[in-house]
Peer 1: 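Can you read through this structure? Questions will come right after.
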Amino acid sequence: MPKNLMIVESPAKAKTIEKFLGKDFVVESCYGCIRDLPREKLAVDVEKKYAPTYEVPTDKKKVVSQLKKLAKDSQKIWLATDEDREGEAISWHLCHVLGIEPESAKRIVFHEITKPAILEAIKTPRFLNQNLVNAQQARRILDRLVGFQLSPLLWKKIRLKSSLSAGRVQSVAVRILVEKERNILEFTTSPFFRINSLFKASSNNRNYKIKAELGRKLENYDEARAFLEKCSQASFSVASVQVKPTQKSPSAPFTTSTLQQEASRKLGFSVARTMRVAQSLYESGKITYMRTDSVNLSKVAIASAKKAIEKSYGKQYSNSKQYRSKARNAQEAHEAIRPTYFENNQVEGTSDEQKLYSLIWKRAISSQMSNAQLEKTIVKIKISTLKDLLTANGEVIKFDGFLKVYEVSTDEEISEDSEILPPLEVGQELDLDEMKATQRFTRAPARYTEASLVKKLEELGIGRPSTYAPTMSVIQKRGYVTKGETPGKEREFKLLTLKAQKILEQICTENFGSDRGKLVPTDIGMVVNDFLIEYFQQVLQYDFTARIEKEFDDIAQGEKIWNDVIHSFYQPFNEDVELALKEAKQVTGERKLGVDPKSKKDVFVKIGRYGPMAQIGHVDDEEKPKFAKLRPKQHLATITLEEALELFKLPRKIGEHEGEEVIAAEGRYGPYIKHSGKFVSLGEYDPLKVTLDEAIVLIKQKEEMDAKKTIHEFEEEDIKVLNGPYGPYISYNKRNYKIPKSQDPKKLTAKDCLKIIEEAPEKKTKKAGKKTAAKKTTKKATAKKTTTKKAAAKKTTTKKAAAKKTTTKKTTAKKTTAKKATTKKAAAKKTTTKKAAAKKTTTKKATAKTTK
DNA sequence: CAGTGAGCGAGCTTCCGCTTGACTT
């Protein structure tokens, strides 16, 4: 019989800790939350102080009964869930489920999974912090109220077939994208010219090329032409040389959001892919926990990084330090993401795992390395015929430091290779090799990627490490947002080249405005967003979460009662819901485009039950109106009358093939052609333009594919043996059956198949839910809560202070928070200046690109 | 899997944050 049972949240963590503790301890995992509000109903009694009804979800029943058994056999139970609001609440739920009095529970916490940290934690157990639990309950209940009131309102007012949803996090995420998209739509581009030049110089028998550019933009073609003409007659000389030493310091080790950003930029991973790969690295013990908002490293980790750096690169490369978190609502329950063993600079595994591990290793190890020492040189070049100066920038690395292993990239572009400038003297003459005036265009604001949206949400304090990836997928699943696929458009630009005193003019083309991989809001996303903003200003505000988080903090500090906080939010919110319910008409996003020249009826676009559509005529007209679905790339806001009228040409008969009609149309799953009862997807082809010949090729391809797919076809029994993405299978009566591994699918007879079908297990049904059981226990729980609240409040404040090893009383706690706030501000300033710097380099890059 | 779109009403959906499997045919 084990003396001690310790419960943590993650099974991988449990395994590691068990190794540290020896045989007196059994360490088990509860797999996250073990009790929650039921999925299928509100379960918050708004009449009775917002009393929640919790239950154990079906997929957690097994874990709970296992834990109950272990708990019964143990003498002591240690609740070691994460040290944050959610972790405290999980411990509280565990108490309820395992029949432990919350007042007598042994609660322990640690921020890092190291032996000393855990042994220390066991020495200093505390009790449950009911204030923290209440803060979590308030968070949970507020989210439930918002989500489960707003979503049904959308079902009612926007009668779409697909299920819609709204929530504190997802709706603001969509809003950010919608507003960006509207900025892009409003943006009008304007052309200008940039001057780039290349000089030749030689020094110590070496030839150098010096790139220099004009700092200002030229307004138009005439100015650009005039500038080059002046230069064609000019001589050039060095006006000034400025050399200044600078430093670059490494970035902090990864948190969830920075990992997602870097993996997106450097490896092209979606946030979901990053998390999936990180999870498997974590489970195999190669990295620390991957859902964290902390940049903290344990002492053990810092020491081992130092050792690894000194061994591989030498002492001068080591610079141990601890980073401070900038995140707004960081709870810092874990370490930063780092390799478990710094001495392993690579690991075995899939190629994704190796790549991501390498990124994590480099970032973590470089965070403990020295600053890079650089020397920046700025050379101004005089033009004899003009007042303007040209500027050449050079950068030389004097000591590489952390750059030896890791180069941080920015959102815009990876920075240009540094130029090496030869030694130059003031007054020295320079030979112009070539000068270019390139037409450029002001650029529309950039769309967000999944990773940059996560970054923005984190800055706003919206969402948590565990929800960034799910939030990105939910806004796409609901049809609010899609990942762009269009490659952009071509555009022409002028290029003037001055060489050997002659000016050459060229028209070049470039691609612009690609939205590939970027998040683009859909019409549905926009209509839903506009509706929510009209009626629910407060919840949709960017700082709503930050403000309500302050209230949750007050609850955690024992300064506010959670029911009151919810009440003061819910009263006006509920009024807004009622108002919207009563006042709002059906939301369709309707826009009139004009009049159909043929029928003289109105043509308009709107959101129909199946998505965006165009319509000719009104429903109450004598004649039934005509409808047509919008193509995927068309939008309510931008489609023209002509484009809309085109849509009514579908479905379109394009000819005959083997005596049967061939019809092109746009269906639910994209454009297709129909031929003798079979459908062939059109892919990239436009159903309005596709020719018969092209269609026949596609039909033949499809027939070939089908032939490859079929292994057997037993017509009498209507059984098919087919090749699918998971291997061969049997298709019968609209159901699919697995083929046992012992049998060769090629040798199967109709009889064999029927036998497999008969022996196949029944299909599992998903749903099972108990609705009554949970009620009693929670009522008791809430009653108890209210009585013990005051006492608990006092207790915890003093305890917290004690834990921090400062003097008691609230004032100290407040001071520390104030300090935090100021450092935050400073941090914010830093980032903005950095951003500005990043912008500079990118514009440079853009011009550099075109000159090549 | 693929020509839907009014209005009615049945019956369905939905939040955010903690955590992993199960496993498709």
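All figures in this text were calculated on a predicted structure; none of them were measured in a lab. The sequence lines fix the lettering, A, B, ..., with proteins before strands; numbering per chain opens at 1.
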Peer 1: Could you list by number each residue of residues 78-91 of chain A showing a heavy-atom separation from DNA chain B of less than 4.0 Å, or answer none if no residue does?
Peer 2: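 Per residue number, the list reads A/D82, A/E86.
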
Peer 1: Just how far, in rounded Å, is C1' of B/dT19 from NZ of A/K15?
Peer 2: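 To the nearest whole Å, that distance equals 15 Å.
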
Peer 1: By the 4.0 Å heavy-atom rule, please label A/S165 as base, sugar-phosphate, or nothing.
Peer 2: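 Result for A/S165 = sugar-phosphate.
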
Peer 1: Taking side-chain hydrogen bond (donor to acceptor under 3.5 Å, both in side chains) as the definition, give me every residue that meets it alongside A/Y570, ordered by chain and number, with sequence neighbours left out.
Peer 2: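 A/Y570: side-chain hydrogen bond (donor to acceptor under 3.5 Å, both in side chains) contacts with A/Q149, A/N574.
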
Peer 1: Partners of A/H93 by side-chain hydrogen bond (donor to acceptor under 3.5 Å, both in side chains), sequence neighbours excluded?
Peer 2: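 Testing A/H93 for side-chain hydrogen bond (donor to acceptor under 3.5 Å, both in side chains), a comparison that skips the adjacent residues, returns A/R35.
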
Peer 1: Could you tell me how far apart A/K41 (NZ) and B/dC12 (C1') are, to the nearest whole angstrom?
Peer 2: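 Distance check: A/K41 NZ to B/dC12 C1' gives 17 Å.
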
Peer 1: Name each donor-acceptor pair under 3.5 Å that joins a side chain in residues 168-176 of chain A to protein atoms two or more places apart or in another chain, with its distance.
Peer 2:
from, atom 1, to, atom 2, distance (Å)
A/R168, NE, A/D143, OD1, 2.6
A/R168, NH1, A/T545, OG1, 3.3
A/R168, NH2, A/D143, OD1, 3.3
A/R168, NH2, A/D143, OD2, 2.9
A/Q170, OE1, A/S165, OG, 2.8
A/Q170, NE2, A/S165, OG, 3.3
A/S171, OG, A/G167, N, 3.0
A/S171, OG, A/G167, O, 3.2
A/R175, NE, A/E179, OE2, 2.9
A/R175, NH1, A/L540, O, 2.8
A/R175, NH2, A/E179, OE2, 3.2

Peer 1: Can you pull every protein N or O that's under 3.5 Å from an N or O on nucleotides 5-7 of chain B?
Peer 2:
from, atom 1, to, atom 2, distance (Å)
B/dG5, N2, A/Y610, N, 2.9
B/dG5, N2, A/G611, N, 3.4
B/dG5, N2, A/G611, O, 3.3

Peer 1: At under 4.0 Å between heavy atoms, what does A/V44 touch on the DNA or RNA strands: base, sugar-phosphate, or nothing?
Peer 2: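 A/V44: no heavy atom of the nucleic acid under 4.0 Å.
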
Peer 1: So what's the dot-bracket for DNA chain B: Watson-Crick or G-U pairs under 3.5 Å, [ ] if a pair crosses, | if it pairs off-strand?
Peer 2: .........................

Peer 1: Taking the side chain of A/R159 as heavy atoms from C-beta outward, which of B/dC15, B/dG9, B/dG3 is closest to it?
Peer 2: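 Among B/dC15, B/dG9, B/dG3, the one nearest the side chain of A/R159 is B/dG9.
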
Peer 1: Ignoring hydrogens and angles, are the base of B/dC16 and the side chain of A/R139 linked by a donor-acceptor pair under 3.5 Å?
Peer 2: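 Check passes, donor-acceptor contact within cut-off.
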
